[in-house]
Structure formats: C-alpha cells, structure tokens
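A short write-up of the structure that comes next.
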Protein chains: 2
Amino acid sequence: MVDKYEQVLELAKRRGFLWNSFELYGGTAGFFDYGPLGAMLKRRVENIWRDIFVINEGYYEIEVPTIGIEDIFIASGHVGGFSDPLTECQKCHEAFRADHLVQDMEENPDTLSAEELTAVICKNDVKCPECGGKLGNAYEFNLMFKTSIGPGGKRMGYLRPETAQGMFVDFPRLLKFYRDHLPFGATQIGKAYRNEISPRQGVIRLREFTQAEAEIFIDPRDKTHPKFKDVSDVIMNLYSQEGQASGETKKIALGEAVKNGIIAHEFLAYCLAMTHKFLIRVGVSPEKMRFRQHMKDEMAHYAADCWDAEILSDRFGWVEVVGIADRTDFDLKAHAKQSQKELSVYVAYDSPKKVRKFVVKPDMGVLGPMFKGKAAKVANALKALKAQELSGDEIEVTVDGEKIRIDKNSVKFETITEEIHGENIIPHVIEPSFGIDRITYSLLEHSYFEEEAKEKIEDEEEESGELRIVLRLPSEVAPVQAAVLPLLSRDELIKPGTEIINKLRKVGILVAFDDSGTIGRRYRRNDEIGTPYSITVDYQTLEDATVTIRDRDTMKQVRAPIKDIENNVYDLIYRGKSFEDAGI
Amino acid sequence: MVDKYEQVLELAKRRGFLWNSFELYGGTAGFFDYGPLGAMLKRRVENIWRDIFVINEGYYEIEVPTIGIEDIFIASGHVGGFSDPLTECQKCHEAFRADHLVQDMEENPDTLSAEELTAVICKNDVKCPECGGKLGNAYEFNLMFKTSIGPGGKRMGYLRPETAQGMFVDFPRLLKFYRDHLPFGATQIGKAYRNEISPRQGVIRLREFTQAEAEIFIDPRDKTHPKFKDVSDVIMNLYSQEGQASGETKKIALGEAVKNGIIAHEFLAYCLAMTHKFLIRVGVSPEKMRFRQHMKDEMAHYAADCWDAEILSDRFGWVEVVGIADRTDFDLKAHAKQSQKELSVYVAYDSPKKVRKFVVKPDMGVLGPMFKGKAAKVANALKALKAQELSGDEIEVTVDGEKIRIDKNSVKFETITEEIHGENIIPHVIEPSFGIDRITYSLLEHSYFEEEAKEKIEDEEEESGELRIVLRLPSEVAPVQAAVLPLLSRDELIKPGTEIINKLRKVGILVAFDDSGTIGRRYRRNDEIGTPYSITVDYQTLEDATVTIRDRDTMKQVRAPIKDIENNVYDLIYRGKSFEDAGI
C-alpha cells in the first residue's frame with residue numbers, strides 16, 4: 001500500500017513543491033530542490049517565524065557567512081566531536097553508518113564508540129547490506145563539509161553545521177547593539193550543512209538544510225520571563241522525563257509545568273509556547289505535536305534543560321523538528337577560551353554593595369633603591385599576595401624565577417571597605433532551534449486530504465462523489481493565494497480577469513490565472529496545491545461587475561464586487577475576515 | 001580626508017548594519033556579516049525584488065542547494081574556465097592577482113593568458129608588493145570553493161558560483177510546471193560563492209554573496225514582450241557601445257532605444273525597465289545610475305546583447321550591480337550535451353505546415369529471404385538513404401561494416417506531403433542577475449546625508465544648527481520602521497507606548513522603543529538608522545489619547561490618535577499615504 005509520504009511526495013513532485021536535486025544528472029542523496037510552490041511555501045513559513053521572533057519578540061535577525069573559519073568550530077566542539085561512526089565495505093566500498101547496521105543487536109548503538117561498534121560487527125559477523133562483503137573497522141567520520149579559503153590551502157573553511165555559532169561569534173557586537181542590557185537575543189534563518197554518510201530518509205535527512213535559530217542571552221540569576229503570564233494558561237502535550245518512563249504524554253498548562261518543576265524555568269517555557277504558536281500557525285496539527293524532554297543521559301552535560309518539539313509523521317513516526325535548550329554559559333565560555341577575549345556583560349546592582357577588600361601597599365621609597373630596575377616587578381608580586389602570605393617577619397616573592405625575601409616593614413597592608421556597583425557576568429543562552437525543511441514537509445503531510453467532493457458547479461454536471469485531493473493549508477501559508485478563472489476562455493471574460501489579477505498583485509498577493517479545462521477541473525487543480533480562494537469571472541460579471549469567490553475548504557461560494565477585491569481577499573488571507581463577510 | 005565609504009562603514013559598523021565577519025578571531029577578507037539592521041534592510045531589498053519579479057511578473061522562485069555536483073559546472077564551463085591568474089611571492093608566499101599587478105604596464109591585462117602575464121612580470125621586473133620578493137609564474141586559479149560529498153572523497157562538490165545553474169538543471173521540471181508554454185521564467189535569491197585570490201575592496205568584492213537571478217525562457221523567434229508598451233516611454237541613462245566610444249551617456253526612452261537598434265529587442269529592454277524600477281524603489285539615486293552595454297569584445301561569444309546596471313560610488317566609481325543578458329540557447333545546449341537529454345520545447349504552429357518528405361520503402365518480401373537475420377538492419381540502412389543515393393541500378397548500403405549491394409527493384413521510394421503541427425525548439429534565455437550585497441551597500445551610501453538640523457523640539461532648547469546624520473531610506477526599506485518614544489522615562493508614559501508597540505507589531509511593523517536621553521538625542525539616533533517615523537508619547541497623550549508622529553526627512557510633526565495608529569503608520573510606509581493626511 002502507498003503510504004502518506006509517498007502520496008505527499010507524488011503530489012509535491014508533480015505540482016512543483018519538492019524535486020530531487022540534480023535529477024538531470026541522476027540525482028544525489030541528501031539534497032532536495034524546492035520547486036516554485038515549495039519555495040514560496042517555505043518563504044511563508046520563514047516569514048511567520050520572523051514575524052513571531054523578530055518583529056514581535058524583538059530578537060533581531062543577523063546574517064553571517066555559511067562558510068566559517070576553523071577557530072569557530074574548534075571552540076564549538078564540531079572539529080573534535082561532530083561525527084558519526086562509519087564502516088566501509090572492503091569489497092564494494094559503499095559506506096554505512098556503523099551504528100545503524102547493529103541496531104538490532106544493541107540497545108543504544110549510538111552511545112557506542114567506534115572500537116565498540118567494530119567489536120559488535122565482528123562478533124555478529126555483520127556483512128555489507130549491499131553486496132555481502134566484509135566490513136572494515138568503524139571510525140569517526142567528521143560531518144562538516146570542508147573547503148579551503150583563498151589559494152594555497154592555507155586557511156581551512158567549513159560549511160557551518162548550524163547557524164547558532166554566528167550569534168556567539170558576534171556576541172561583543174550584539175551586546176553593544178543592545179546597549180549592554182540583558183536579556184537580548186539574535187536570530188538567523190539560513191543554510192546549514194551536514195555531510196551525512198549515507199542519508200536514506202528523503203526530505204527528513206538532508207545534507208543541506210535551513211535552520212531558524214534564536215540565541216537569547218539572559219541573566220543566569222533571573223530566568224523568569226516578563227510576558228510569561230500571557231502564556232501560563234496555554235495547555236500543551238508534554239512528554240516529560242517522568243512521562244517517558246511510563247510512556248505517557250500529558251496535557252499540562254505551562255504555568256503548572258513550571259510550578260511543578262517539569263520545565264526548568266519560565267524563560268524556557270515561554271519559548272515552548274512560542275514554538276507551539278508558530279507550529280500551529282503554519283499548519284501543523286495540534287494533535288500530532290508533542291514536546292519531549294531530553295532524558296538526563298541524552299542531554300548535553302552543560303544543558304540545564306532541553307525539550308524537542310516532535311511532529312507525528314505517517315512513515316517516520318515522531319520526528320524532531322525543534323530543539324529548545326538552556327545551554328547555560330557553555331558556548332560563550334568556549335569562545336572566550338578559544339579567542340582569549342572576555343565575553344561577559346557588566347551588570348549594575350540595584351544599589352551598590354559594600355565589600356571588604358585586602359590591599360597591599362609596597363613602600364617604593366625602600367624597594368626602589370633596593371631593587372632598582374626590578375622594583376616595579378617586585379611591587380607587583382607583593383600586591384598579588386594574600387593576607388596569610390604576609391604574616392611572617394620576612395615576606396617571600398618570586399620574580400623572574402628568583403626568590404626574593406623582603407623585610408615586613410617595607411610592605412604595608414590593610415583591609416578596606418569598597419563600594420561595588422556591579423559585576424561582569426557570563427550570560428546564559430536559551431536556544432530555540434528550528435528545522436525549517438522538516439516543518440515544511442510536515443505541514444504538507446498534515447494538510448494533505450483525499451476526500452469525496454460534493455460540489456455543485458454552475459454550468460456543469462454536478463461533480464459530487466468525485467475524489468478530490470486538497471491541501472488544507474492555512475491561507476497565509478498557501479503558496480498561491482488566489483486563482484483567477486474566467487468561466488470560459490474568451491476575451492470578454494479574460495479581460496476583467498486580468499484586471500483583477502493586477503489589483504491583487506498590487507497588494508502583494510500571489511495569484512495564478514487558469515483558463516484551460518472545465519471549471520471543475522480547475523477547482524481541483526487549485527485544491528490540490530492549497531489555493532484558498534478561487535475567483536471566477538462569468539457572464540454576470542459583465543453585467544454587474546461582481547465575481548464569485550470560492551472557499552477551498554468548504555467549497556462554498558459568495559458573490560463579491562470587483563471594486564476593492566484586493567482588500568477583500570487580503571483581509572481574508574491575513575486579517576481573519578470570515579468568508580461570509582467577503583460576500584455582498 | 002575621510003571618504004564616503006569610510007563614513008558609511010563607520011555608521012554601518014557602529015549601528016549594526018555591517019560587521020567584519022569572524023572579528024572575534026581576527027577576521028578574514030572577503031566576508032561580511034549583516035548585523036541586526038543590515039540583515040533587515042537586506043531582507044526588505046530581497047522582498048521588493050520578489051514583489052516585482054515573482055508576484056508581479058509571475059516568475060516563480062525556486063530554491064536549490066548551494067552545493068552542486070561536478071556535472072553541472074562542467075556543462076556551465078565553470079570547471080574549465082572560472083578562474084583568475086595567480087602569482088605567488090616566492091619569499092613571503094602571499095598570493096596576488098597577476099593581472100592586477102601589471103595594470104599600469106598593459107592596456108587590458110585581464111585579456112592576457114597566464115603565460116603572457118608571466119612574461120610581462122619578467123620583462124618589467126615586477127616584485128611582490130608586500131615584501132619585494134621574486135614572484136612565481138602566473139597560473140589560472142579556479143575560483144570555485146571545492147568540497148567533497150559523503151565520505152571517501154569520491155564525489156566532488158562545488159559551492160555554486162551563481163544561482164543561475166539551478167534554473168537550467170531544473171528546466172525539464174519547470175517546463176512541466178508551466179505546462180509546456182513559452183515564455184516562462186524562474187528565479188532564485190540565494191548565496192553564491194567565489195573564492196577570490198585576495199579580495200581588497202571591502203563589501204564590494206565578497207567571497208560569499210547573495211544573488212537574485214531570473215532565467216526567462218523565451219521563443220527565439222519572438223523576442224517581443226506583451227507588456228512592453230507599459231515601459232516604452234520610460235527614459236533611462238543608456239551608455240551604449242556607441243556612447244562608450246565617445247564617452248557619452250544618453251537619456252533615451254526605451255521604445256526609441258529598441259527602434260534604433262541600441263537595445264537588441266523588447267524583452268531585454270523590458271528587463272532593463274524592471275531593473276530600473278527596482279533600483280529606484282529600494283533607494284538608489286536615479287542620477288547615480290546608468291545602463292552600460294557590453295562592448296563587442298567584452299560580451300560572451302554566445303550572447304546576443306548584454307547590459308550592466310551600474311551605480312556610482314564615491315570611492316569605487318561606477319560599480320556593476322546588475323547584468324542583463326540575452327544568453328541565447330547556450331546554457332540549455334550545454335546541459336543537453338553534458339546530460340545527454342533533450343532540453344527543448346514543443347511549439348505548436350498556429351496552423352499545420354505542409355512539408356514534402358522523401359520516403360524509402362524497402363520490399364521486405366524480397367529482402368527477408370535474401371538477408372534473413374540481417375534483413376531488418378538492411379532495411380533501416382536503406383531508409384536512412386537520401387534521394388540521390390537511390391538513383392543507380394544498384395544501391396549500396398553498409399551494415400555492420402559490410403558493404404551490401406541491392407537491386408533497385410527491391411526498394412521503392414517516393415516523395416510525399418506531410419502535415420507538421422509544430423516543432424521542438426530550444427528556448428533562448430534572458431537573464432537579469434542582481435548582486436544584492438552591492439545594491440544594499442549602494443543604497444546605504446546614496447541615502448547617507450550629513451546636514452544641519454533646524455528642528456524645534458518641545459520642552460527642549462532648540463537644536464538648530466546641530467549636525468545630524470540621516471539615512472534617507474525609502475520607508476518600505478528602512479529596517480526599523482517606527483520608533484516609540486515616551487517623552488520622559490516614566491511609567492505613565494511608557495504604558496501607552498507599550499500599547500502602541502503591540503498594535504504596530506500586530507500588523508508586522510518593526511518598531512523600536514527608546515526612553516533613554518533627551519528626545520532630541522533619540523530623534524538623532526533614529527535619523528541615523530533611517531527610521532522614517534518617530535512616535536512620541538507625551539502628557540497630552542494621557543488627556544486625549546493622541547501622540548505626535550515625526551517625519552524623518554522633513555522633521556515635521558503631526559498629532560494623530562492612538563486608535564488605529566497601526567493602520568495609519570502601515571499606510572504611510574506601504575501605501576503612499578501623505579504625511580499630512582496622517583495627522584488629525
């Protein structure tokens with residue numbers, strides 16, 4: 001039987017949503033093209049993300065190169081640790097994920113080292129799935145695409161495995177942009193790359209993909225969110241650590257989840273709420289969506305808490321499409337170490353703090369004549385001493401490897417009280433990270449329906465009982481937003497049709513014209529690509545300058561004037577105008 | 001003296017438009033980051049391009065991977081010919097463009113081969129500009145970034161040097177999408193890469209950049225454009241081949257330019273008009289823009305005509321930002337050859353054509369018994385013969401290398417008349433190709449003004465005579481579209497300010513809040529980043545629920561109600577509402 005993935009892909013290829021890349025040259029696994037409708041669908045998904053995170057939350061978008069230099073990925077750990085275990089057939093030289101080949105023999109093959117995987121392969125005498133040949137030793141294959149910047153191969157470059165590093169590397173600039181105030185955030189929507197060993201899951205596992213990521217820098221001492229009260233009543237499907245133990249997903253209000261310690265804190269919970277809002281707005285079915293908490297052993301060692309948004313797919317089961325993590329100060333510390341620069345924020349106290357401080361005051365009148373050119377160095381060494389090191393009659397310091405003893409009377413010291421107005425802190429990072437391609441595929445799958453169409457069409461035999469394919473896409477996501485259909489392909493009907501097209505285009509609506517075949521066929525063609533509104537020009541149009549607007553989902557029709565039709569349709573698509581109100 | 005590039009870059013870096021990439025790690029030439037304001041500015045430029053080419057012209061956007069496989073770039077010629085001549089210092093190992101080093105010694109150094117450049121370097125004893133060392137022989141350095149797809153280095157990948165190839169490779173799919181009808185077009189906005197030897201022109205020459213390209217497939221026999229009459233009166237600065245001979249740019253209407261044969265045909269001229277419209281809409285100064293025709297020796301051998309849109313920059317002079325070419329059938333033929341697939345369109349004639357056709361009819365009753373198993377091959381060889389080869393008493397054919405003679409009575413032939421309904425043709429390609437980064441930089445430069453501000457600000461001393469920097473960006477391009485400024489940083493004024501922000505965000509307006517410093521300073525901060533409208537909440541707001549809206553360019557203010565302010569500002573930005581009409 002054909003599964004839903006096949007149905008959706010058949011439609012997607014036929015109508016121009018998704019195509020295999022490089023098809024003309026036989027194709028290459030792990031790459032997909034967005035065709036005319038797919039690219040527009042994806043743009044609209046990205047724009048909704050932008051509307052939520054950039055416009056409404058105020059986390060400005062930045063754009064940094066997709067090629068990165070080596071330092072970045074040494075700091076991030078990708079040079080050292082971003083790899084999958086690979087084993088190659090000694091006979092046909094096909095490469096495989098070693099952990100995938102032993103998944104029936106081991107509980108958690110992805111936790112095994114290359115050596116352990118080699119041992120499992122030997123013990124079980126695993127052969128090449130393609131030709132039955134002997135498999136070689138497993139080794140770690142780095143998944144970054146490598147290249148070289150400029151001539152001579154002197155400067156390594158990597159295609160970024162995630163957009164996130166851009167925000168960390170630009171931290172000092174961003175901090176200034178936001179005038180040194182926490183919290184602030186920056187986002188990126190762009191390409192990321194992962195040189196998969198042998199991708200076999202179609203659009204779900206791509207070597208080149210689009211991420212939308214936000215890195216939000218917050219004060220580690222305050223993980224509340226100022227707008228949390230707006231979302232605390234939102235009820236979501238949570239599949240917590242505890243729930244996973246018993247296999248139970250619970251519907252819980254976010255406020256309660258934070259209060260009960262299920263979600264670590266308000267800020268993370270607020271990000272879950274934004275994610276939930278975004279996924280529903282682009283057209284993911286709420287009942288096919290859950291938020292799964294990472295288990296303790298699955299979470300990165302530095303993470304304070306981490307949740308994945310998962311979407312149910314007919315073929316692939318629950319698929320991770322978003323990761324939302326509290327990454328603490330891990331990333332900034334790593335880049336501070338690699339770059340030898342301080343990445344922190346000066347945070348002023350509400351009121352100054354008084355702190356007691358031990359101060360050493362060397363007597364330069366004595367030290368100067370005694371040590372001459374070395375006197376300054378000796379003084380600095382003395383200043384660095386702690387109280388207990390100054391307790392004896394003689395004080396010892398080491399200068400340029402030489403031990404020097406100084407009489408205690410040449411050094412004064414005291415404990416003073418100082419006013420401190422603030423301190424440098426390393427922000428924590430909250431990261432919601434979205435896989436735009438998986439989301440785009442998922443919403444296609446969730447909006448795909450085959451159903452019996454009971455539709456009465458004027459001037460045609462009733463088409464009831466016919467099977468129709470319909471993409472029930474939200475109207476602000478549908479690639480083609482309106483179709484203009486002259487009832488017959490005649491000049492007198494095409495002319496007002498063209499006039500309507502021009503009006504709609506002026507307000508930015510993507511409109512298609514179709515005058516070939518029966519009107520019923522044309523409705524079907526538009527249902528199939530999710531066009532929410534079809535506008536038909538008929539002979540009444542010539543009399544009273546009105547047209548019919550047909551609603552894709554209900555197949556109902558209303559009669560509306562050509563005058564102001566652009567605003568009428570705009571309001572239907574973007575401003576929640578009800579379909580009935582669009583009619584006269 | 002500081003030039004305009006420095007002024008603009010200083011502002012761009014300080015306020016978050018453009019940053020050097022990887023600054024934290026010392027930076028790398030040829031890469032720039034778009035900061036929070038720059039990325040938003042660039043998005044808006046891209047969206048206007050999309051509005052013109054995708055929404056209004058109907059050339060759908062597609063999105064293909066930035067990594068391409070080798071076949072594509074063999075076909076396109078990039079593997080063989082996309083290179084610059086490189087010479088390396090033997091002492092310090094710095095690499096240089098060989099043609100750049102000899103530009104004072106030769107007329108057209110970019111036309112010289114590597115061998116010729118080596119000879120010029122020797123003859124003139126050119127030394128390394130960095131250390132004075134001896135330079136090595138020049139050789140051609142390929143400018144594509146190379147990588148490897150999957151493990152084992154078996155499959156070469158290249159970062160695409162242009163987005164255009166995606167549309168050619170997808171030609172068969174696009175043709176089906178457009179239901180086999182010419183003309184049709186597809187576009188891409190995305191990253192392209194060029195591994196420059198040693199880029200030294202800041203944002204003008206990048207190793208990673210964004211292109212917006214359209215490939216429009218047209219019938220080679222008909223290069224008119226159905227909407228040409230809409231643009232034939234548009235007057236543009238044309239710097240034609242003839243004009244370049246005399247150094248003269250002429251203002252000519254497009255209709256006239258086509259009629260006089262200055263521009264090859266209507267379709268190309270229409271693309272010039274769209275380009276002109278786009279550049280003006282995003283904020284390029286019309287008087288700093290010209291269209292320069294490629295000289296005959298500069299044009300690709302296959303091109304029918306080619307024009308560059310050039311923008312005048314203070315530091316760099318006339319900079320190419322768009323190329324508009326009639327590439328004929330070069331690209332499709334190249335991919336057809338490389339892929340061994342036919343890339344053509346079946347075009348039906350208006351009415352069937354009658355053609356006379358010579359047909360050979362071998363008598364199988366005779367040939368069968370005579371040649372047995374070979375009979376079919378003999379018959380096929382006979383069918384391939386031309387009329388004159390059948391004139392003798394004996395007919396000779398070659399089958400499997402063997403010459404065979406056949407009596408003429410065993411072969412009948414005749415000339416018949418056949419009806420032909422259409423033919424397969426290879427479309428020609430019109431390509432407008434835009435460099436988005438250069439355009440974005442140019443419009444920053446063109447909108448940058450330093451001027452004396454004569455502005456009266458309530459509750460403050462008059463700030464007349466003060467120097468203000470202002471970016472006179474078109475309001476639909478400005479990254480921050482509105483600023484909300486409570487006159488004083490007090491809760492009672494901040495509260496209505498927040499309410500206004502929420503209203504504006506709901507309709508997708510990017511709004512900034514600023515309550516620090518005098519209102520005059522805050523106006524200046526917003527002038528500098530091009531915010532078109534500043535909304536000030538004052539004590540009158542608390543009485544009558546009105547605010548002031550200030551226009552960036554004129555510094556005039558009107559009083560407007562908070563009610564419906566979102567639509568008021570939306571119409572100012574997007575619908576050409578006059579500023580006076582925004583007030584009560």
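It should be emphasised that the depicted structure is a prediction, and the values quoted were computed from it without experimental measurement. Throughout, a chain's letter reflects where its sequence line sits, starting with A, and its residues are numbered from 1.
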Subject >> Salt bridge B:Asp514-A:Arg179, side-chain N to carboxylate O under 4.0 Å >> reply: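 Yes, this pair counts.
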Subject >> SB check B:Lys341 A:Glu23 (cutoff 4.0 Å) >> reply: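 No, this pair does not count.
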Can you tell which part of [X] gets under 4.5 Å to a heavy atom of chain A, answering side chain, backbone, both or neither?
| X | value |
| --- | --- |
| B:Thr66 | both |
| B:Pro172 | side chain |
| B:Ile501 | neither |
| B:Leu206 | neither |

Check the side chains of [Y] and [X] for a donor-acceptor pair under 3.5 angstrom, ignoring hydrogens and angles.
| X | Y | answer |
| --- | --- | --- |
| A:Arg50 | A:Asn47 | yes |
| A:Gln188 | A:Thr163 | no |
| B:Asn142 | B:Ser83 | no |

Do you know which of [options] has the most heavy-atom pairs under 4.5 Å to chain A?
| options | answer |
| --- | --- |
| B:Met40, B:Arg15, B:Lys176, B:Arg43 | B:Arg43 |
| B:Leu159, B:Ile149, B:Thr187, B:Leu37 | B:Ile149 |
| B:Gln340, B:Arg575, B:Arg155 | B:Arg155 |

**OP:** Answer yes or no: is there a side-chain heavy-atom contact under 4.5 Å between A:Asn20 and A:Phe32?
**Re:**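 Contact flag for A:Asn20/A:Phe32 side chains = yes.
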Hey, which of [options] has the most heavy atom pairs under 4.5 Å with chain B?
| options | result |
| --- | --- |
| A:Phe171, A:Phe145, A:Tyr193 | A:Phe145 |
| A:Ser516, A:Ala39, A:Ser339 | A:Ser339 |
| A:Phe31, A:Phe22, A:Tyr574, A:Phe141 | A:Phe22 |
| A:Leu86, A:Thr28, A:Asp51 | A:Thr28 |
| A:Glu196, A:Lys42, A:Lys506 | A:Lys42 |
| A:Lys146, A:Glu61, A:Arg173 | A:Arg173 |

Original post:
Can you say whether A:Ser148 sits under 4.5 Å from chain B via the side chain, the backbone, both, or neither, judging by heavy atoms?
Top reply: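 For A:Ser148, the contact with chain B is made by the backbone alone.
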Original post:
Which bit of A:Leu343 is near chain B, if near means a heavy-atom gap under 4.5 Å: side chain, backbone, both or neither?
Top reply: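 For A:Leu343, side-chain heavy atoms alone lie under 4.5 Å from chain B.
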Original post:
Hey, does the side chain of A:Arg200 reach the backbone of A:Arg205 with a donor-acceptor pair shorter than 3.5 angstrom?
Top reply: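 Pair absent, no side-chain N/O of A:Arg200 close to backbone of A:Arg205.
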**OP:** Determine yes or no for a side-chain-to-main-chain donor-acceptor pair under 3.5 angstrom, with A:Arg160 supplying the side chain and A:Lys191 the backbone.
**Re:**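 Yes, because the side chain of A:Arg160 sits within donor-acceptor range (under 3.5 Å) of the backbone of A:Lys191.
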Original post:
Using the benzene-type ring in the case of Trp, are the ring centres of B:Phe177 and B:Phe184 under 6.0 Å apart?
Top reply: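 Between B:Phe184 and B:Phe177, which both carry aromatic rings, the centre distance is not below 6.0 Å.
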